[in-house]
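Comments concern the structure below.
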Amino acid sequence: MSARDPLLQVRGLTHRYGRQVGCRDVSFDLHPGEVLGIVGESGSGKTTLLKCVSGQMQPSEGEVAYRTRDIGTVDVYGMTEARRRMLMRTDWGIVYQNARDGLRMKVSAGANVGERLMAIGERNYGHIRNEAVDWLERVEMDIGRIDDLPGTFSGGMQQRLQIARNLVTKPRLVFMDEPTSGLDVSVQARLLDLIRGLVGSLGIACVVVTHDLGVVRLLSHRLMVMKGGRVVEQGLTDQVLDDPQHPYTQLLVSSILPV
Amino acid sequence: MTTSPDTRVLEAGVMMKAEGLAKSFVLHNQGGVRLDVFSGLDLEVGRGECLILAGPSGAGKSSLLRSLYANYKPQAGSVLVRHDNTVVDLCSAEPYEILEVRRRTLGYVSQFLRVIPRVPTIDLVVEPLTVRGVDPAEARERAGTLLARLRIPEALWGLPPATFSGGEQQRVNIAMTFVQDYPILLLDEPTASLDLENRRTVTDLIDEARRRGAAIVGIFHDAEVRAAVGTRSYDLTERKAA
């Protein structure tokens, strides 16, 4: 098996909510270190797809296979829930749009980061504290606030904290749902550059869902465009954005307001 | 891996070869208007060659260059690139393979600088090197040398280029590509908004790249630059789709 084999393989993924279709027949491979952007308007099925792919919601049909570090490729929904949770805690990270979904608001910033380490068996307090400090520095947070509660932080800082909490266990795959929406534009640019730098230098594979084409142009190598639950176009990010083939992608790209 | 290694070969010395390339645009939201840019286009460029794309405005020179970079998606044909010891067809390669080719083999200078906001100029020029594993201190030194040669004052290196003049931005753009020795270079009017002195510097850089063996395809509106760097010319007027 080579390092270039896909990390994640999604096949024929469909999810229905009753008679409503969330996403329909989606297939893709994600390679190590590759960043996949998923764009589409609200209701296009992109968040449903992200939830299904990231082990948070079992799809109605289809398969999600993940290549582990140690035991080969596993069926994410074929394993026990305990094993899947372990995988999500160790090898994967999830950055939510709303930091409150991804952080524990009643414990300090440092504990939010340290907790993930304890979940994978780290017990040495000094080591945990050092790692937490190191990661808070890497996401450019003020170390003086390590003992503060996340609720006292700004939106941009909460997102940084979420990222530190996720990356501390050195995941191979991170899912992000609208990581920068809801933030001021000035904060967005810095956060995006930070994410880009960390993901690039650590070689982490990412799936990023967003409605913001600027975000995917900056972050993602590859792009999937969704409409009505289906993938209507996919390919190299700059190719899809600069030479869109599908009518919907053309509409999306031509609708960006000039600054 | 989903794609098999490309079995096609390139003759010795050929770095890039387009075969039967066709490009058209269908504007679905403007009544489905179809614009044919070129079709059945064959072209090759070898080591140490600088191929000039010629033809009037609208002949499709930039569209061709973008197709050769896989920034545009050709409707038919192939673009074979010599990448390390393999041959990659950019028209059928997976996105991660195309990015790998762009990282190490295929450089492109566009007419406009498009970069991440708020990143200092020096970091933009350093990054292509550090991504390839060059020691950060050495990368910084090489980036600085090149920026100085392109007459970007050192006082500006720590600033993002967004507020720079058009000519300065273009020189930053050139530095971001020329900081590494790409085997193949695609240049879209790299000297368009430069004064005489800087135009000469860029001309020298292009010629040095060619002499070290780079294969270059370029669009230059300036006749003097064309004469100084070009080894062969390719006229798109006749290749325009019927």
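Residue numbering restarts at 1 for every chain, and letters A, B, ... go by the order of the sequence lines. Bear in mind that the values here come from a model prediction, so they are computed numbers and not experimental data.
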Salt bridge or not for A:D238 and B:R114, using N-O below 4.0 Å? no
Short N-O contact, B:K23 and A:D243, less than 4.0 angstrom: yes
Does any heavy atom of chain A fall under 4.5 Å from the side chain of B:F25, the backbone, both, or neither of them? side chain
Where does B:Q75 contact chain A at under 4.5 Å (heavy atoms): side chain, backbone, both or neither? side chain
For the atom pair [atom1] ([X]) and [atom2] ([Y]), what is the distance rounded to the nearest 0.5 Å?
{"X": "B:R102", "Y": "A:H221", "atom1": "CZ", "atom2": "NE2", "value": "11.0 Å"}
{"X": "A:Q239", "Y": "B:L90", "atom1": "CD", "atom2": "CG", "value": "9.5 Å"}
{"X": "B:N71", "Y": "A:T237", "atom1": "CG", "atom2": "OG1", "value": "11.5 Å"}
{"X": "A:S254", "Y": "B:H28", "atom1": "OG", "atom2": "NE2", "value": "12.0 Å"}

Closest approach of [X] to [Y] (non-hydrogen atoms, all atoms of both residues):
{"X": "B:P95", "Y": "A:G235", "result": "CG-C, 4.1 Å"}
{"X": "A:Q250", "Y": "B:V26", "result": "NE2-O, 2.8 Å"}
{"X": "B:Y96", "Y": "A:E34", "result": "CB-OE2, 3.6 Å"}

Heavy-atom cut-off 4.5 Å, strictly under: side chain, backbone, both or neither for A:Q245 against chain B? both
Using non-hydrogen atoms only, which part of A:L218 is less than 4.5 Å away from chain B: side chain, backbone, both, or neither? side chain
Is it true that a side-chain atom of A:D193 and a backbone atom of B:V119 form a donor plus acceptor pair closer than 3.5 Å? no
Mind listing the side-chain donor-acceptor pairs of residues 125-134 of chain B below 3.5 Å, one per line with the distance, residues two or more places apart or on another chain?
unit_1 : atom_1 : unit_2 : atom_2 : d
B:E127 : OE2    : A:R196 : NH2    : 2.5
B:T130 : OG1    : B:E127 : O      : 3.1
B:R132 : NH1    : B:Q180 : OE1    : 2.6

Among residues two or more places apart or on two chains, list those pairs meeting salt bridge (charged side-chain N to carboxylate O under 4.0 Å, His left out) that have a residue in residues 205-219 of chain A. A:R217-A:D242
Flag if over 12 foreign heavy atoms under 6.0 Å of CG, B:N85: no
Would the number of heavy atoms belonging to other residues, nucleotides or ligands and lying under 6.0 Å from CZ of B:R34 be above 12? no
